[in-house]
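Only one structure is covered here, and it is reproduced in the block below.
Because the structure is a prediction, the values reported are computed rather than measured.
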Amino acid sequence: MAKAKLLALLTRDHRALAEQQIAAGRKDKAAQLYLRAGDFERAARLAAEIGDERLAVEAALRATLGDVPEGYAAAGAPGGRGGPARHP
């Protein structure tokens, strides 16, 4: 294990770990780590890039509002997995 990675793991430096995941081509893991690091804008951008809509919305809400409002956490895309019902 590389010295930088070990140090990042021991210190729980999520931003450094995210950078390492980006370098390894694991954007999904990096987006989660950026979210944990509090870099919500970068997490939202990366999640949108890889097509993870749930994570992109969560990160964007945290970047804008500071938190995910109650009721949004379980919501999904309209007409699919957990989203609000459509009314004709």
4.5 Å side-chain heavy-atom contact, Ile22 and Leu46: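 Of all side-chain heavy-atom pairs linking Leu46 with Ile22, at least one is under 4.5 Å.
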
If you measure from CD on Gln32 to CD on Gln21, what distance do you get to the nearest 0.5 Å?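 That separation rounds to 11.5 Å.
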
What heavy-atom pair brings [X] and [Y] nearest, and what distance separates the two atoms?
X: Ala56; Y: Ala47; result: N-CB, 3.5 Å
X: His14; Y: Ala37; result: CB-CB, 3.8 Å
X: Ala43; Y: Leu35; result: CB-N, 3.7 Å

Do you reckon Leu65 sits in the same ILVMFWY cluster as Val57, going by side-chain contacts under 4.5 Å, direct or chained?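 Both belong to a single hydrophobic cluster.
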
Among Asp13, Leu17, Asp39, Asp28, which residue meets the side chain to side chain contact (heavy atoms under 4.5 Å, CB included) test with Leu33?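 Per the side chain to side chain contact (heavy atoms under 4.5 Å, CB included) rule, the option paired with Leu33 is Leu17, out of Asp13, Leu17, Asp39, Asp28.
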
Contacts of Glu58 that satisfy side-chain hydrogen bond (donor to acceptor under 3.5 Å, both in side chains) - sequence neighbours left out: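 In terms of side-chain hydrogen bond (donor to acceptor under 3.5 Å, both in side chains), with neighbours along the sequence ignored, Glu58 is linked to Arg54, Arg62.
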
Against Tyr34, only a single residue in Glu41, Lys29, Glu19 fulfils side chain to side chain donor-acceptor pair (under 3.5 Å); can you say which?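 When side chain to side chain donor-acceptor pair (under 3.5 Å) is applied between Tyr34 and each of Glu41, Lys29, Glu19, only Glu19 qualifies.
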
